[in-house]
S.K.: 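Pasting a structure here, questions to come.
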Number of protein chains: 2
Amino acid sequence: MTEPALVHAPTTRVLVADDHQLLRQALRRALEDNGLTVVGEAADGEEAVRLAESLRPDIVVMDVTMPVMGGIEATAIVHEHLPNIRIVVLTMHDEHSLVVQAVDAGASAFLNKDCSLQQVVETVIQVADGEVLLSPEIAANMLGAMTPANGSPLTKREDEILQAIADGSSTTEVARDLFISAKTVKNHLASIYEKLDARDRTQAVLSGVRIGIVQIR
Amino acid sequence: MTEPALVHAPTTRVLVADDHQLLRQALRRALEDNGLTVVGEAADGEEAVRLAESLRPDIVVMDVTMPVMGGIEATAIVHEHLPNIRIVVLTMHDEHSLVVQAVDAGASAFLNKDCSLQQVVETVIQVADGEVLLSPEIAANMLGAMTPANGSPLTKREDEILQAIADGSSTTEVARDLFISAKTVKNHLASIYEKLDARDRTQAVLSGVRIGIVQIR
DNA sequence: CCGCAAATGGGCCGGTCGTCCTATGTTCAC
DNA sequence: GTGAACATAGGACGACCGGCCCATTTGCGG
């Protein structure tokens with residue numbers, strides 16, 4: 001993964017993936033005003049993967065919350081198939097656990113939407129330019145004084161199960177979808193109730209929404 | 001659509017209220033590039049109310065989902081105290097009940113974030129310029145084919161019960177709190193499920209949150 | 001190496017929930 | 001004034017949920 005020469009690269013090609021046209025336009029303008037080329041825009045994760053494949057951008061600016069396929073998942077897929085493409089992940093929610101997930105998925109940088117357009121542009125340039133992979137610490141720092149060091153109080157599996165419940169699945173359906181027994185789901189739910197101080201799935205889901213670990217879809 | 005006189009107005013003063021700096025900047029740039037003056041930015045509803053009071057803008061571009069105080073509430077307060085200020089409401093979610101709530105609160109226009117920056121600018125100019133108050137129909141049209149014009153699809157009692165469930169009460173507790181029998185609560189819940197196309201209280205509450213008839217507390 | 005947390009799973013039981021009937025009184029619009 | 005919608009309420013039943021035991025495996029940190 002070394003590309004020493006070819007510094008002559010005329011422009012950095014950027015793909016913008018965000019489900020909000022407003023944001024896409026804003027990002028496009030900001031990037032283009034700073035000498036970068038926006039080669040495409042995607043409105044969901046799947047489109048982002050497709051366009052990354054066909055357009056071969058240098059950088060993808062990827063929103064986390066998108067329909068059809070989330071940004072994290074799209075990041076993982078793009079990163080696996082096209083490891084040369086660097087991905088800058090954008091998020092609405094100050095969720096520290098997302099940083100970890102994003103970095104795991106192969107993101108090179110992580111920004112939340114409370115940062116400035118300029119910061120986004122700078123980050124993209126830095127990431128395109130050099131090896132400036134943002135460490136989780138830097139990312140966490142950028143997110144400002146966030147909650148000390150939690151993210152989700154739940155484990156990955158618990159997050160997954162709670163989200164599935166929020167998405168409308170019953171205990172049995174979650175079990176089927178995750179290829180585990182219903183009993184295991186109930187066990188996880190019990191842990192979730194304890195950790196979120198909820199007494200049933202309804203309150204647990206609402207707690208999850210409140211603290212930003214559950215997406216309303 | 002005629003705007004003959006008062007063309008002398010030097011600039012239209014706009015206040016941008018959105019919790020995402022990215023969006024605020026994007027809107028500021030788009031507005032300023034089109035000859036409008038952005039006199040301030042607010043990151044939450046309370047700040048929006050405060051700044052509207054002190055800066056006296058002509059227009060407030062107000063996001064719905066903001067911390068501390070929501071955009072709808074802020075719209076209502078600003079509209080009551082300063083009826084001359086016209087408010088353009090922006091939202092992420094295509095929820096038609098929000099249109100009604102926004103219009104009730106005194107909004108002059110309603111846009112979702114999937115519209116273009118240009119559309120936002122045009123709307124602001126139109127609203128500032130003339131009497132171009134967007135009717136619910138126009139707003140509805142913008143949001144796509146939506147249901148006629150209601151607020152909540154539920155009755156008052158049903159709203160009340162769903163909110164109580166969201167607040168953490170069980171069927172029996174709701175019954176006790178409302179001085180009715182548990183059976184009646186179950187009956188209302190059954191109606192709620194049918195109307196919201198939910199199969200249990202969890203989904204019903206989430207639907208309620210989605211369409212803005214349930215407050216997360 | 002040992003412990004601990006996470007993920008998996010089983011059984012049991014009481015209580016709640018969701019659904020199916022039916023029924024009565026009130027209110028409001030047509 | 002007659003029906004439609006709303007709010008009230010009961011019974012019965014099966015399914016699901018939440019709490020309480022418990023066990024095994026895996027992986028990570030001290």
Side-chain angles (χ1 to χ4, degrees), chain A residues 95-98 100-101 103-104 136 148-209 211 213-214, chain B residues 97 147-209 213-214:
Chain A
E95 273 313 323
H96 166 263
S97 74
L98 284 179
V100 181
Q101 284 181 51
V103 171
D104 275 0
N150 48 9
S152 169
L154 307 182
T155 68
K156 264 194 307 183
R157 202 54 159 172
E158 287 161 357
D159 278 329
E160 199 173 356
I161 285 172
L162 189 57
Q163 182 65 56
I165 296 288
D167 290 341
S169 299
S170 68
T171 302
T172 354
E173 286 163 354
V174 174
R176 181 167 38 68
D177 294 349
L178 299 185
F179 307 106
I180 56 180
S181 91
K183 192 58 201 23
T184 303
V185 176
K186 290 173 80 172
N187 287 337
H188 284 305
L189 279 172
S191 311
I192 293 171
Y193 298 155
E194 199 184 354
K195 290 182 185 173
L196 297 186
D197 195 28
R199 60 173 172 178
D200 54 44
R201 53 192 64 216
T202 304
Q203 290 309 304
V205 167
L206 280 186
S207 288
V209 171
I211 66 178
I213 61 172
V214 164
Chain B
S97 76
T147 37
N150 48 12
S152 167
L154 306 183
T155 68
K156 266 195 304 183
R157 201 53 157 173
E158 287 162 357
D159 278 330
E160 199 174 356
I161 285 172
L162 188 57
Q163 183 63 56
I165 295 288
D167 290 342
S169 299
S170 69
T171 302
T172 343
E173 287 162 353
V174 175
R176 180 168 38 69
D177 294 349
L178 299 184
F179 307 107
I180 56 181
S181 92
K183 191 60 202 24
T184 302
V185 175
K186 289 174 81 173
N187 287 336
H188 285 306
L189 279 173
S191 309
I192 293 171
Y193 298 156
E194 199 183 354
K195 290 181 184 173
L196 297 186
D197 195 29
R199 60 172 173 180
D200 54 43
R201 53 192 64 216
T202 304
Q203 290 308 303
V205 167
L206 280 186
S207 288
V209 171
I213 61 173
V214 163

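Numbered from 1 within each chain, the chains take letters A, B, ... in sequence-line order.
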S.K.: Has the side chain of B/Arg199 got a donor or acceptor atom that lies under 3.5 Å from a matching backbone atom of A/Gly168?
M.R.: yes
S.K.: Expressed in angstrom and rounded to an integer, what is the separation of B/Leu189 atom CG from D/dA9 atom P?
M.R.: 14 Å
S.K.: With side chain to side chain contact (heavy atoms under 4.5 Å, CB included) as the test, pick out the partner of A/Leu162 among A/Val209, A/Asp167, A/Leu154.
M.R.: A/Leu154
S.K.: With a 4.5 Å limit on heavy-atom distance, are the side chains of B/Ile192 and B/Ile165 in contact?
M.R.: no
S.K.: Closest heavy-atom contact between B/Ala204 and B/Ala198?
M.R.: N-CB, 3.4 Å
S.K.: Could you pull out the closest heavy-atom pair between A/Ala175 and A/Ser181, with the gap in Å?
M.R.: CB-C, 3.7 Å
S.K.: Taking the nucleotide of DNA chain D with the nearest heavy atom to each, does B/Ser181 or A/Tyr193 sit closer to the 5' end?
M.R.: B/Ser181
S.K.: With a 4.0 Å limit, can you tell me whether A/Thr155 has a side-chain N or O closer than that to the phosphate oxygens OP1/OP2 of C/dA7?
M.R.: yes
S.K.: Over how many whole Å does the gap from B/Gln203 atom CD to C/dC17 atom P extend?
M.R.: 16 Å
S.K.: State the NZ-CD1 distance between B/Lys186 and B/Ile161, to the nearest 0.5 angstrom.
M.R.: 13.0 Å
S.K.: May I ask you to say what A/Thr184 touches in the nucleic acid, namely base, sugar-phosphate or nothing, with a heavy-atom cut-off under 4.0 Å?
M.R.: base
S.K.: For nucleotides 25-30 of chain C, tabulate all protein N/O to nucleotide N/O atom pairs closer than 3.5 Å, reporting atom names and distance.
M.R.:
none

S.K.: Choose from D/dC17, C/dA7, D/dA7 the nucleotide whose nearest atom is closest to any side-chain atom of A/Arg201.
M.R.: D/dC17
S.K.: Please report, rounded to the nearest Å, how far the P atom of D/dA7 is from the CD atom of B/Glu160.
M.R.: 9 Å
S.K.: Just report the end-to-end axis angle for the helix from C/dC1-D/dG30 to C/dC30-D/dG1, five pairs per end, to 10 degrees.
M.R.: 50°
S.K.: If you define the side chain from C-beta out and look only at heavy atoms, does anything of B/Arg157 sit under 4.5 Å from B/Ile180?
M.R.: yes
S.K.: Is the phosphate of C/dA6 approached by A/His188 (side-chain N or O, under 4.0 Å from OP1 or OP2)?
M.R.: no
S.K.: Please tell me which of the listed nucleotides, C/dG18, C/dA7, D/dG19, lies nearest to the side chain of A/Lys186?
M.R.: D/dG19
S.K.: So which heavy atom on A/Ile213 is nearest to which on A/Gln163, and how close?
M.R.: O-OE1, 4.1 Å
S.K.: Once you round it to whole Å, what is the distance between P of D/dG19 and CZ of A/Arg199?
M.R.: 10 Å
S.K.: Out of C/dG18, C/dT8, D/dG18, which nucleotide sits closest to the side chain of A/Arg157?
M.R.: C/dT8
S.K.: Heavy atoms only: give me the nearest B/Val174-B/Ala164 pair and the separation to one decimal.
M.R.: CG2-CB, 3.8 Å
S.K.: Would you kindly check whether a donor in the side chain of B/Asn187 faces an acceptor in the base of D/dA7, or vice versa, at under 3.5 angstrom?
M.R.: no
S.K.: Between A/Leu178 and A/Val185, is the side-chain contact (heavy atoms from CB on, under 4.5 Å) condition met? List the steps.
M.R.: CA-CA 9 Å; A/Leu178 299 185; A/Val185 176; 5.6 Å; no
S.K.: Does the side-chain hydrogen bond (donor to acceptor under 3.5 Å, both in side chains) test come out yes or no for A/Ser169 and A/Arg176, once each step is laid out?
M.R.: CA-CA 10 Å; A/Ser169 299; A/Arg176 181 167 38 68; over 6 Å; no
S.K.: Please state how far atom NZ in A/Lys156 lies from atom P in C/dT8, giving the value in whole angstrom units.
M.R.: 11 Å
S.K.: Rounded to whole angstroms, how far apart are CD1 on B/Ile180 and C1' on D/dG10?
M.R.: 14 Å
S.K.: Output yes when a side-chain donor or acceptor of B/Gln203 lies under 3.5 Å from a complementary backbone atom of A/Ala166, and no otherwise.
M.R.: yes
S.K.: Among the candidates D/dA9, D/dA7, D/dG18, find the nucleotide nearest to the side-chain atoms of B/Lys183.
M.R.: D/dA9
S.K.: Near DNA chain D, which residues from residues 161-172 of chain B have a heavy atom under 4.0 Å away?
M.R.: none
